[in-house]
Amino acid sequence: MQNSPDSDLAGWYVPEEALNSKDFTQVFDTYLSQDRKTMTIDVIFAENPYGTEAIDRVPDIEAAVHRAVQGSTLEKADIAVGGVTSTFADLQEISNNDYTRTVMLMLAGTFIILVVLLRSVIMPLYLIVSLLLAYFTSMALTEVIFVNILGFAGISWVTPFFGFVMLIALGVDYSIFLMDRFNENKGMKVQDAMLYAMKNMGTVILSAAVILSGTFAAMYPSGVLSMMQIATVVLSGLILYSLLFLPFFVPVMVKMFGRANWWPFPNKEQSDSVDSDRTIGM
């Protein structure tokens, strides 16, 4: 702020009598600290301060302040953004970082466990892909229900995190039920072994899905938005995985890879079966 008309164009001119007036001093007391070294600027959004539009604009406001002070005497000043919207923006950033880290660690751990249990690298890959497809589809359905149909502002920040953990954990169990039974019949033709596994484990998987669906449906009467959204993610994900991805997507992958399903680990039963077929043919 300039108080002389002879100064350069940086700032603006305020008459001396205005600076010394009682009303203007009240402005200083409102927006400046007692030592006049800390200043606050109020920014009022036209949007809902709790909504995603306002939260997404917090980085833009902070960047605008940094651009405004660049090249001025305030360039080295400490700049901070506070308020309800800023708090939710910080919470969103923290939750996104935690979510990304959790997803990577959980997928890596799941892959290693599946490799050890199934003695294969190929099967864990398409099983994880099927789980991710079920998760993202269930998240999309949840957003359609709560945002597009029920009119809520958005999905709670806890929903993707806990929905992913619960759905992946349950889905992995179902896939292990099916593929472990499939592995017990390595000596059979691939399609026959898959059909045998589905015939014997399909009822078990569907029963478990129905029971767990009822368990998570009990979260709806709570009336807590985040709990209802998590329940919707898990419910829709379980239904999709048990009725669509396990019966259709996984068998198609098994059929497509054939004997390569057990790559790169040696398959003794397969070798014995091939040798036996050659002996009979001779």
Side-chain angles (χ1 to χ4, degrees), residues 102-139 162-217 230 233-277:
T102 301
V103 167
M104 298 303 296
L105 292 175
M106 194 166 179
L107 291 180
T110 301
F111 177 77
I112 294 173
I113 292 172
L114 288 175
V115 169
V116 173
L117 289 178
L118 302 178
R119 300 290 296 168
S120 168
V121 171
I122 300 299
M123 283 189 280
L125 288 176
Y126 59 70
L127 288 176
I128 289 177
V129 169
S130 67
L131 290 169
L132 290 176
L133 288 173
Y135 168 72
F136 285 113
T137 305
S138 62
M139 281 296 301
F162 289 103
F164 178 84
V165 171
M166 294 179 183
L167 186 57
I168 297 299
L170 295 173
V172 166
D173 289 341
Y174 295 169
S175 62
I176 290 175
F177 291 161
L178 181 66
M179 302 311 292
D180 190 54
R181 182 56 60 92
F182 170 71
N183 267 352
E184 291 177 358
N185 299 280
K186 293 180 180 180
M188 300 172 59
K189 292 182 179 180
V190 172
Q191 57 266 35
D192 293 338
M194 192 71 239
L195 289 173
Y196 178 83
M198 293 176 64
K199 179 180 178 181
N200 286 271
M201 297 306 298
T203 305
V204 176
I205 294 173
L206 288 176
S207 300
V210 170
I211 294 172
L212 284 172
S213 297
T215 302
F216 282 96
I230 293 172
V233 172
V234 178
L235 279 172
S236 57
L238 288 177
I239 294 172
L240 287 170
Y241 198 66
S242 59
L243 296 181
L244 181 62
F245 291 101
L246 274 183
F248 296 101
F249 179 83
V250 172
V252 168
M253 293 294 104
V254 171
K255 173 66 175 178
M256 184 175 67
F257 284 102
R259 290 295 174 181
N261 279 288
W262 292 280
W263 184 87
F265 298 97
N267 189 345
K268 185 177 183 301
E269 293 184 22
Q270 175 188 349
S271 300
D272 293 343
S273 177
V274 172
D275 292 340
S276 177
D277 291 341

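What you see is a predicted model, and the numbers here were worked out from it, not measured in a lab. We're numbering straight along the sequence, starting at 1.
Taking CZ of Arg119 as the reference point, atom CG of Asn183 lies at 10.0 Å (rounded to 0.5 Å). In this structure, CG on Asp192 lies 11.5 Å from NZ on Lys199, to the nearest 0.5 angstrom. Residue Leu178 holds its CG atom at 13.0 Å from CG of Asp173, rounded to the nearest 0.5 Å. Interatomic distance, Tyr241 OH to Tyr135 OH, rounded to the nearest 0.5 Å: 15.5 Å. Interatomic distance, Leu105 CG to Thr110 OG1, rounded to the nearest 0.5 Å: 10.5 Å. Note that CG of Leu107 is 10.5 Å distant from OG1 of Thr102, once rounded to the nearest 0.5 Å.
The shortest non-hydrogen separation linking Pro251 to Met198 is CG-SD, 3.6 Å. Closest of all the heavy-atom pairs between Ser242 and Ile205 is CB-CG2, 4.2 Å. Of all non-hydrogen atoms in Ser175 and Leu127, the two that sit nearest each other are CB-CD2, 3.8 Å. What you find for Val165 and Met106 is that their closest heavy atoms are O-CE, 3.4 Å.
Ser120 places a side-chain N or O within donor-acceptor distance of the main-chain N or O of Asn261, the cut-off being under 3.5 Å. In this structure a side-chain-to-backbone donor-acceptor pair under 3.5 Å is present from Asn200 to Tyr196.
Applying the side chain to side chain contact (heavy atoms under 4.5 Å, CB included) criterion to Val210, with sequence neighbours excluded, gives no partner residue. Partners of Tyr174 under the side-chain hydrogen bond (donor to acceptor under 3.5 Å, both in side chains) rule, at least two apart in sequence or in another chain, do not exist in this structure.
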Discussion item. Between Met139 and Val233, is the side chain to side chain contact (heavy atoms under 4.5 Å, CB included) condition met? List the steps.
Written reply: CA-CA 6 Å; Met139 281 296 301; Val233 172; 3.6 Å; yes
Item to complete: Show the numbers, then the answer: is there a side chain to side chain contact (heavy atoms under 4.5 Å, CB included) between Met123 and Leu114?
Response: CA-CA 8 Å; Met123 283 189 280; Leu114 288 175; over 6 Å; no
Practice prompt. Given side chain to side chain contact (heavy atoms under 4.5 Å, CB included), test Ile113 with Val172 step by step and report yes or no.
Written response: CA-CA 10 Å; Ile113 292 172; Val172 166; over 6 Å; no
Worksheet item: Asp180 and Leu117: side chain to side chain contact (heavy atoms under 4.5 Å, CB included), yes or no, with the steps?
Response: CA-CA 8 Å; Asp180 190 54; Leu117 289 178; over 6 Å; no
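Proximity of Val254 to Gln191: side-chain heavy atoms (C-beta onward) are nowhere separated by under 4.5 Å. Using a 4.5 Å cut-off on side-chain heavy atoms (C-beta onward), Val250 and Met179 make contact. Proximity of Leu240 to Phe249: side-chain heavy atoms (C-beta onward) are nowhere separated by under 4.5 Å.
Using the six-membered ring where Trp is involved, Phe182 and Trp262 have ring planes that are parallel, under 30° apart on the 30 and 60° scheme.
When the shell of 6.0 Å around CZ of Phe111 is examined, it contains more than 12 heavy atoms from other residues, nucleotides or ligands.
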